[in-house]
Each structure stands twice: as structure tokens, then as C-alpha cells.
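See structure below.
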Amino acid sequence: MKHDFEKRLAVHCDELNWLYMELYDDEELFRELCESLRTFSLERSGELKERDRRRESEPDWYRSPDMLGMMLYVDSFAGNLRGVEQRLDYLERCHVNYIHLMPFLDTPKGASDGGYAVADFRKVREDLGTMEDLEHLTGQCHGRGMNVCMDFVMNHTSEQHEWAKRARAGEQEYRDRYFFYPDRTIPDQYERTVPQVFPTAAPGNFTWLEEEQTWVMTTFYPYQWDLDYRNPKVFNEMMGEFLYLANRGIDIMRLDAVPYIWKELGTSCRNHPRVHTLVRMMRMIGEIVCPGVLLLGEVVMEPEKVVPYFGTVEKPECHMLYNVTTMATTWHTVATRSVKLLRHQLGLVNALPGQYVFLNYLRCHDDIGWGLDYEKLRDDGIREYEHKKYLNDYFQGYCGYRVSRGELYNDDPVTGDARFCGTTASMCGIEKAGFEEDAAAMEQAVRQDLMLHAFLFFQTGIPILYSGDEIGQVNDYSYREDPEKADDSRYIHRGRMDWEQAEKIDRPETVQGKLFAGLAQLEAVRRAEAAFSFDAKLRTVDTRDESVLCMERWLSEEKILGLFNFSEHDRTAQIEEADGDYTDLLTGESREAGEITLPAYGYCYLKKEARMSLNTTDLF
């Protein structure tokens with residue numbers, strides 16, 4: 001019987017060769033790539049190979065309502081990788097089986113962009129540990145049924161990466177791995193069609209290197225040099241880095257900034273068709289060497305630009321993508337108390353093929369950009385500029401309900417555009433209520449926090465928590481005192497895990513105890529009920545109340561309604577088609593679903609009670 005590697009290579013070799021030759025037309029480098037794949041396959045441990053085989057036999061293993069993720073910064077959560085390992089018991093108590101370790105590879109101090117300027121793909125940042133520590137951690141996680149995700153930063157390297165240093169030294173082979181230009185002629189041509197990512201913090205897409213007297217492409221920050229994937233050596237060697245990390249026990253590779261990786265004059269350098277060629281090749285390379293590893297695409301764009309990164313059924317690309325538009329629309333709904341746009345957004349997502357897997361979340365490590373469907377909002381007379389300002393004012397606590405706390409990020413005084421930063425708890429009013437010692441306000445803030453998580457858990461996909469949300473951790477303003485962080489307001493929601501507060505999770509009278517128990521209950525219901533299967537159908541239902549969202553999940557004879565009040569006032573939902581008796585899965589009470597009154601920020605999961613049927617054959 002052929003070796004697993006040979007069988008997998010045979011399945012994909014023709015297509016991989018065709019795509020590679022179409023892109024690069026270099027047979028010698030294709031052979032080098034295949035030999036590299038063989039080497040990494042031989043180096044893959046027996047435990048990981050067995051894990052691959054199990055997952056090959058069950059390719060949809062990750063499409064399960066049992067999946068629950070958590071994002072965390074290693075240093076903020078537990079100091080270092082060994083510290084994370086010591087906290088696995090806590091993560092098990094959170095029912096987490098998908099741990100996203102935010103960037104932990106070697107980056108220059110003071111010019112790291114939160115770890116996204118990688119200086120060495122085969123070295124852990126010294127203060128966080130070693131590659132041996134990483135392998136030990138992933139092994140321990142696997143033993144507990146946990147999966148480990150990491151960021152694979154493939155669009156650029158740090159200016160301190162070995163390739164960049166050798167390029168600076170004048171070695172042509174390494175200069176050819178980046179975009180260097182002696183004058184502004186070509187950069188100016190790019191700038192005509194390429195948008196700026198950070199127009200205030202890092203304007204333009206090129207940086208002048210005074211010592212070398214040259215321009216280099218830097219889409220994100222001046223110290224992050226864009227890689228030129230038109231060069232096959234870049235692709236080959238980056239795939240080597242990908243497989244090296246996969247062989248350390250990583251289960252999910254988050255492809256950072258993947259829409260940006262192909263640059264071509266006269267285009268926006270976003271979502272170029274060649275990007276999909278590269279991702280498709282990555283998918284096949286993974287299936288050849290490490291088929292247990294998933295690709296998660298970071299595509300923070302509107303749905304029509306996100307969905308193509310799944311590929312097709314015949315030629316898949318990413319296994320999973322982020323549901324970023326629903327996240328932003330959820331907070332829009334909080335600020336407007338109108339579920340109209342959210343219903344529209346959910347309708348688009350629910351109409352997509354069932355095999356698509358989205359990661360759903362309320363908050364992440366990054367800012368919230370208000371990438372909403374403004375064409376749809378214009379139908380109701382809402383204009384983009386004014387609405388973005390309203391949202392940012394609302395969540396800073398300047399207008400509306402005035403309970404949220406947070407800060408703007410990348411505020412552009414010229415365009416008036418800005419993004420928002422803050423923890424879920426602070427955006428829900430827990431910070432304000434705690435500061436003012438207002439018990440009634442705190443009760444309502446906790447209920448809003450849990451309502452949003454109940455909505456999160458009700459969606460189809462994998463829910464991802466941000467570390468600290470399970471205990472209601474609020475904004476950390478101490479970042480302002482750190483000169484390396486003070487200019488980046490995103491650190492307001494990247495604070496250190498407060499383990500003293502986490503010790504309160506078993507005390508039901510505390511905020512921490514209420515949130516932790518509430519999330520545990522939601523997770524348990526999601527795991528236990530068949531209607532939460534990925535194969536279930538999902539739709540929104542009219543409630544005759546603009547502030548109450550109703551979603552319906554059904555599978556065979558099982559049906560569950562989820563109702564969510566996005567208002568700070570009591571509301572009543574009227575649901576015409578909700579005939580029969582229902583059981584509230586969160587309280588155990590029997591309820592009529594035709595007319596449901598919800599308290600401020602109230603929520604419920606209602607399961608339709610099965611009707612008794614008489615089988616006439618039993619009478620004879």
C-alpha cells in the first residue's frame with residue numbers, strides 16, 4: 001500500500017502542477033516544492049499523522065455545535081506558553097476546545113503591530129517561550145480534545161526578517177522577494193488605484209528607505225514589507241514556514257490579510273483572482289502533508305467579497321471564514337434598537353450553502369470598523385457619514401443610551417471616519433455601572449451582555465469568545481502609560497486577564513459568576529439540542545416589534561425559536577406562525593410563543609413541544 005503522502009500527492013499533483021505552472025512556469029521550482037512537501041511529511045510526528053488520518057475519515061469534524069473558541073494573547077492571558085498550559089483546566093471549565101493564540105512569533109520590540117511583523121517564522125518571541133514550549137502546549141491541548149489556532153502572517157515580513165536584512169545589504173535574490181523602486185514612478189501608479197489601510201497612522205502604500213535610497217511597498221506599516229508572490233521562491237519558502245508550524249501541532253492556520261497577497265499595477269491589490277490561485281494551492285498542500293490542519297481566512301470585507309474565499313465544492317479554498325459583517329451589524333442594532341438591517345444581513349448569510357462555516361464573534365483583538373450595508377440603510381434615509389459618527393458617539397457614551405465606554409481608533413479628521421475599540425462588557429455598560437455602583441444598571445448591563453452572547457450562540461457557525469468576556473472584563477486604560485502601546489487604542493481591550501476576578505466565577509451573586517454561568521448554560525443548550533446542528537435550517541421571523549429579533553432553527557421535527565430584545569425597554573413580540581406549546585430551554589417553563597414579553601435586553605430559547613401521535617397499528 002502506498003505511503004499516505006504518495007496517495008495524497010497523487011490526488012492533487014495534476015491540479016497543483018497546472019496552477020503552479022500557470023502562475024510561475026517553472027518546472028524546476030515546482031519539483032523543489034514537491035520535494036519540500038515530502039520532507040515535511042517525513043518530519044511530521046506519528047501522533048500528528050494519526051490525528052490527520054482520523055480527521056480524513058471524518059472531514060466535517062469541525063462542523064459541530066460542540067465547537068467553542070476563545071481568542072487570547074499569550075502574555076496577557078498567562079505570561080507565556082507554559083503559563084497557558086497551566087491554565088488549561090480553566091479553559092476546560094469554559095468548555096473551550098478551540099484556542100486561538102494571538103501572534104507569538106519573534107517580532108522586533110516596538111515595531112511589531114501586535115505581533116504581525118514577524119522577524120522569524122521559526123522562533124517564538126523570547127519572553128513567551130520556545131518552539132519546544134509550543135509543541136508541548138499543542139500536545140497537551142490535543143490530549144484534552146482542544147484545537148490550537150495561530151496567525152500565519154503571509155502578506156509581509158518585518159523589516160528585521162533575514163530576507164529584509166539581506167535585501168537591504170543589496171543581495172538581488174532577496175530584493176526580488178519584496179517590491180523595491182528607485183523613484184516614485186511605479187509607486188505613484190500603484191497609489192492611483194490602491195486604497196490606504198491606515199491613512200492617518202501610516203499614510204500611503206510605500207516607505208522611503210533613506211540609507212538604501214529606495215522605496216519599498218508597505219501596505220500596512222512602514223516596518224512591514226510586502227512580499228512579492230509573483231516570485232515563486234516566495235511562495236515555496238512561505239509554504240515551508242507554513243508546514244514547519246503545522247508540524248509543531250497547530251490545527252488551524254489563520255491566514256492574516258489574505259486578500260492583499262497578490263499585487264498588480266492598475267488594480268486595488270485586493271481580492272485579485274491570483275489570490276484564489278495561491279489559497280487553492282495552499283489548501284492542496286495542506287491536504288497532502290497535514291490534512292488535519294484547517295485554513296481560516298481573515299477576510300474582513302462585505303459578504304460578496306468574503307464568500308469566494310470558500311472556493312467551490314469541487315475546488316475548496318478556506319475551511320472557515322469570519323462573519324465580520326454580522327458582528328458589525330449586531331453593534332449597529334444595539335445602537336439603533338432596530339433589527340431591520342440585522343434581519344437583512346442574517347438572511348444573506350442563511351441563504352448561503354450549508355457547507356460554509358463561519359466564525360461568529362462579538363469582539364476580537366481588533367477594532368470595530370463600521371462596514372455596514374449602507375445601500376440598504378439609505379432606503380431608510382440613513383447616510384453613511386452621519387451614521388458612522390452616530391455609532392462612534394454612541395459607543396463612546398456621548399449620545400443615545402450613554403452606557404457604553406470605549407475609544408476611537410484611526411480617527412481621520414479629514415473624512416470623519418473612525419473605528420471603535422472597547423471590550424464587550426464596557427460596551428454593554430458593565431464598566432459604567434460598576435464605576436457608579438449602580439446595582440440596577442449592572443443587572444441590566446449583565447443581561448445585555450448575555451443577550452448578545454445568546455444571539456451569538458444561536459447563529460450557525462463556531463462561536464468565538466474573546467478572553468475575559470466570560471467574566472465581564474472591562475476596558476484597560478493603562479496602555480496609555482506604555483510608550484510602545486500609547487498610540488494604539490486597540491490595547492484598551494487587550495488588557496491582562498484579571499485572575500482575581502476570575503476566581504469569582506463560582507459566586508452566583510457576582511458579575512463574574514452571573515456571566516460565567518449564563519454562558520455555560522447557553523453552551524450546554526447548544527450542545528444538547530439537535531436543532532443546533534450545522535445541518536439545521538435557519539431563518540428570521542417577523543415579531544411586529546422593531547427592537548426584537550426572532551430566529552428559528554429547525555431540523556426534522558425539532559424547532560427552536562430564539563428571541564432577543566435589543567432595547568433597554570420591555571418589549572412584546574407577536575409571532576403569528578408560532579402555534580402550539582413551547583418550552584423555555586433556559587428556564588424550563590412552558591410558554592405560548594404567539595405573544596412573548598421580554599424585559600429590557602431579555603432573551604429566550606423556546607423549543608416547540610412534540611405532539612403526541614397515535615399509531616393505529618398499536619390498537620390491534
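These numbers were taken from a predicted model, which means no experiment stands behind them. Scope of the values below: all heavy atoms of this structure, side chains included, with no hydrogens, waters or symmetry mates.
Within a 6.0 Å radius of CD in Glu126, no more than 12 heavy atoms belonging to other residues, nucleotides or ligands are found. Within a 6.0 Å radius of CD in Gln213, other residues, nucleotides and ligands contribute more than 12 heavy atoms. Residue-environment remark: OH (Tyr477) exceeds the threshold of 12 foreign heavy atoms within 6.0 Å.
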Working note: Tyr601 + Phe566, criterion ring pair (Phe, Tyr, Trp, His ring centres under 6.0 Å); need CA distance, chi angles, decisive distance, verdict. CA-CA 5 Å; Tyr601 299 118; Phe566 280 82; 8.1 Å; no
For Met442 and Glu437, run side chain to side chain contact (heavy atoms under 4.5 Å, CB included): C-alpha distance rounded to whole Å, both residues' side-chain angles, the deciding distance at 0.1 Å, then the answer. CA-CA 8 Å; Met442 181 63 80; Glu437 298 183 345; over 6 Å; no
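If you look at Tyr398 and Tyr390, their ring centroids are not closer than 6.0 Å. Checked against the 6.0 Å centroid criterion, the rings of Tyr260 and Phe220 qualify as a close aromatic pair. No close placement of the Tyr409 and Phe420 rings is indicated, their centers lying 6.0 Å or farther apart. Residues His365 and Tyr466 place their aromatic rings such that the two centres sit no closer than 6.0 Å.
Taking every heavy atom of both residues into account, Ser158 and Ala164 meet most closely at O-CB, 3.7 Å. The minimum heavy-atom distance between Val293 and Ile250, with the atom names listed, is CG2-O, 3.4 Å. In terms of heavy-atom proximity, Leu296 sits nearest to Cys149 at CD2-SG, 4.4 Å. Across every non-hydrogen atom of Leu452 and Val334, the tightest pair is CD2-CG2, 3.9 Å. Scanning both residues, Phe77 and Leu91, for their nearest heavy atoms gives CZ-CD2, 3.8 Å.
Side-chain atoms of Gln196 and Asn205 form no donor-acceptor pair, as typed in the model, at a separation below 3.5 Å. Counted by atom type alone, Asn271 and Trp262 present zero donor-acceptor pairs between their side chains at under 3.5 Å. A donor and an acceptor atom, one from each side chain of Glu431 and Asn475, are located under 3.5 Å apart. Side-chain atoms of Thr157 and Tyr178 include a donor-acceptor pair closer than 3.5 Å. Checked by atom type, the side-chain pair Gln140/Glu85 shows no donor-acceptor distance below 3.5 Å. Side-chain contact annotation: Thr423 with Ser426, donor-acceptor N/O pair under 3.5 Å present. Judged by distance alone, the side chains of Gln224 and Thr218 never bring a donor and an acceptor atom under 3.5 Å apart. Side chain to side chain, Asp367 and His493 fail the donor-acceptor criterion of an N or O pair below 3.5 Å. Side-chain polar atoms of Glu407 and Tyr479 form a donor-acceptor pair below 3.5 angstrom. Inspection of the Asp151 and Tyr116 side chains reveals an N or O donor paired with an N or O acceptor under 3.5 Å. Side-chain contact annotation: Tyr229 with Asn231, donor-acceptor N/O pair under 3.5 Å absent. Under 3.5 Å, the side chains of Tyr90 and Glu470 contain a donor-acceptor pair of N or O atoms.
In terms of modelled atom types and a separation under 3.5 Å, the side chain of Arg363 and the main chain of Gly422 share a donor-acceptor contact. A donor-acceptor pair is defined here as one N or O able to donate and one able to accept, closer than 3.5 Å; no such pair exists between the side chain of Asp113 and the backbone of Gly115.
Taking the six-membered ring where the residue is Trp, Phe152 and Phe121 present tilted rings, their angle falling between 30° and 60°.
Salt-bridge annotation for Asp417 and Lys388: present, with a side-chain N of the basic residue lying under 4.0 Å from a carboxylate O of the acidic one. With respect to Asp75 and Arg125, a salt bridge is recorded, a charged nitrogen being found less than 4.0 Å from a carboxylate O.
Atom CZ of residue Phe242 and atom CE of residue Met282 lie 4.5 Å apart, to the nearest 0.5 angstrom. Annotation: the span from Phe457 atom CZ to Leu68 atom CG amounts to 5.0 Å, rounded to 0.5 Å.
A ring-ring contact (aromatic ring centres under 6.0 Å, His included) with Trp215 is found for one member of Phe180, Trp208, Tyr190 and no other, namely Trp208.
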